[in-house]
Amino acid sequence: MLPRPKKRLGQHFLTDRHYLDRIVAEIAPRAGEAMVEIGPGPGALTERLAAIVRPLHVVEIDRDLAAALRARFPADAVVVHEGDALDFDLGSLPEGLRVVGNLPYNVSTPLLFHVAAFAPRIRDCVFMLQKEVVDRMVAAPGTADYGRLSVMLQYRFAMALAFRVPPGAFTPPPKVDSAIVRMQPLGEGRLAARDEARFGQVVAAAFSQRRKTLRNALRALVDEAAFARAGVDPQRRGETLSVAEFVALADAADR
Ligand code: SAM
């Protein structure tokens, strides 16, 4: 029987076998892999993954669900980390880590930023998220969905929407459509800003007021000479810049 879902923890449990099978096929787990599942809940996905990957690490904030998982799976099959995934040190798990899960939608953006900080250690991520969030993650410059989340994640990952999942696949059904997204860290040769903190500041400021030109939005960070060095017209708006142009701007501002 399913435990009573707690709304404040974003608990919508996947109960549709067809979609569970498709998600497992998308993850394609293999014996010997290092894998962590975020938000295992009652364990529908956990059970399927732990049949192949040993040990499977899981991070669950709900004390009751964590206790139920410990009781259900032997400790050498599933290692239950009880706590907030936003505080969980992914660096404590082996390199080449695969990160998966049907994420709690109420903390999806901070969780994506948290995971992104460990990108160099990660092999890939396969997440279920609100479809609207996935649309923003994969959005191209110049589109309505393109924003800070798109730039900050595309800076580190190649991302693709794998397939959609309807509300009816969950108990209780969420109000929104969901989608599976695959995230693959870009390799060593990727474009990297000289100062990543500065890059983050420039991107945040550029999108803080979408209607403003870059000249106005970035007044405190980028002067005219830096715009010229980066080859970016200050009359443009942030939503039109590619990730490479943001990197050029941050590097030019950093001189
Ligand atoms: N994976 C399960 C499934 O598909 O049925 C549950 C998915 S449910 C959308 C999200 C799960 O994440 C819940 O079990 C919830 O308790 C857990 N959760 C919520 N916030 C969390 C956090 N900050 N850290 C870790 N787990 C969290």
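Counting from 1, the numbers follow the sequence of the chain as shown. As the structure lists them, so they are numbered: ligands from 1, and atoms in each ligand from 1.
The heavy-atom pair separating A206 from F246 by the smallest distance is CB-CE2, 3.6 Å. The two residues A193 and F199 come nearest to each other via the heavy atoms CB-CB, 3.7 Å. Shown here for A253 and V222, the closest heavy-atom pair between the two residues is CB-CG2, 3.9 Å. Across all their heavy atoms, Q154 and L186 have their closest contact at O-CD1, 3.6 Å. Across every non-hydrogen atom of L161 and V138, the tightest pair is N-CG1, 4.2 Å. Of all the heavy atoms in L221 and A205, the pair that sits closest is CD1-CB, 3.8 Å.
Nearest non-hydrogen protein atom to atom 4 (O) of ligand 1 is N102 ND2, 2.7 Å. Here the protein heavy atom with the shortest distance to atom 17 (C) of ligand 1 is E60 OE2, 3.4 Å. Closest protein heavy atom to atom 21 (C) of ligand 1: I61 CG2, 3.5 Å. Atom 19 (C) of ligand 1 has as its closest protein heavy atom L9 O, 3.1 Å. Given atom 20 (N) of ligand 1, the protein heavy atom at minimum distance is P104 CG, 3.4 Å. Looking from atom 2 (C) of ligand 1 to the surrounding protein, the closest heavy atom is P40 O, 3.2 Å.
At under 3.5 Å, not a single nitrogen or oxygen of N106, backbone or side chain, sits near a nitrogen or oxygen of ligand 1.
Of the heavy atoms in A85, both backbone and side-chain atoms come closer than 4.0 Å to ligand 1. If you look at K6 next to ligand 1, there are no close heavy atoms at all, none under 4.0 Å. Contacts between L65 and ligand 1, counted as non-hydrogen atom pairs separated by less than 4.0 Å, involve the side chain only.
No cation-pi contact links R136 to Y146, judged by a cut-off of 6.0 Å to the six-membered ring centre and 45° from its axis.
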Item to complete: Mind running side chain to side chain donor-acceptor pair (under 3.5 Å) on T46 and E37 for me, showing each step along the way?
Response: CA-CA 7 Å; T46 316; E37 182 191 2; 2.7 Å; yes

Discussion item. Before you tell me yes or no, could you show the steps for F88 and F118 under ring pair (Phe, Tyr, Trp, His ring centres under 6.0 Å), namely the whole-Å CA-CA distance, both residues' side-chain angles and the distance that decides it to 0.1 Å?
Written reply: CA-CA 11 Å; F88 185 73; F118 295 93; 8.5 Å; no

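Taking each of G39, P110, G101 in turn, the one with a heavy atom nearest to atom 1 (N) of ligand 1 proves to be G39.
Annotation for E224: atom CD counts as buried by contact number, over 12 foreign heavy atoms lying within 6.0 Å.
Note on ligand 1: P174 sits outside its first shell, no heavy atom being nearer than 4.0 Å. Within the structure, the closest approach of A44 to ligand 1 does not fall below 4.0 Å when heavy atoms are considered. Using 4.0 Å as the threshold, D84 has a heavy atom nearer than that to some atom of ligand 1. For the pair V59 and ligand 1, a heavy-atom separation below 4.0 Å is found.
Within ligand 1, the atoms closer than 4.0 Å to a non-hydrogen atom of F13 are 5 (O), 6 (C), numbered from 1 in the order shown. Less than 4.0 angstrom separates some heavy atom of L14 from each of these atoms of ligand 1: 3 (C), 4 (O), 5 (O). The H12 neighbourhood of ligand 1 comprises atoms 7 (C), 8 (S), 9 (C), with distances under 4.0 Å to a heavy atom of that residue. Residue contact check: G10 has heavy atoms under 4.0 Å from atoms 8 (S), 9 (C), 10 (C) of ligand 1. When each atom of ligand 1 is checked for a heavy atom of G83 under 4.0 Å away, the hits are 24 (N), 25 (C). Listed by number with element, the atoms of ligand 1 under 4.0 Å from a non-hydrogen atom of E37 are 1 (N). Ligand-side atoms of ligand 1 in range of Q11: 13 (C), 15 (C), 16 (O), range being under 4.0 angstrom from any heavy atom. Listed by number with element, the atoms of ligand 1 under 4.0 Å from a non-hydrogen atom of L103 are 9 (C).
The only option from R182, R48, R98 that meets the salt bridge (Lys or Arg N to Asp or Glu O under 4.0 Å) definition with E26 turns out to be R182.
Put simply, L20 and M128 are part of the same group of oily side chains (I, L, V, M, F, W, Y) that touch within less than 4.5 Å, one to the next.
Residue pairs that meet the salt bridge (charged side-chain N to carboxylate O under 4.0 Å, His left out) test with at least one member in residues 146-167, sequence neighbours left out, are R156-E196, R164-D177.
Taking the six-membered ring wherever Trp is involved, the centroid distance between the rings of F13 and F170 does not fall below 6.0 Å.
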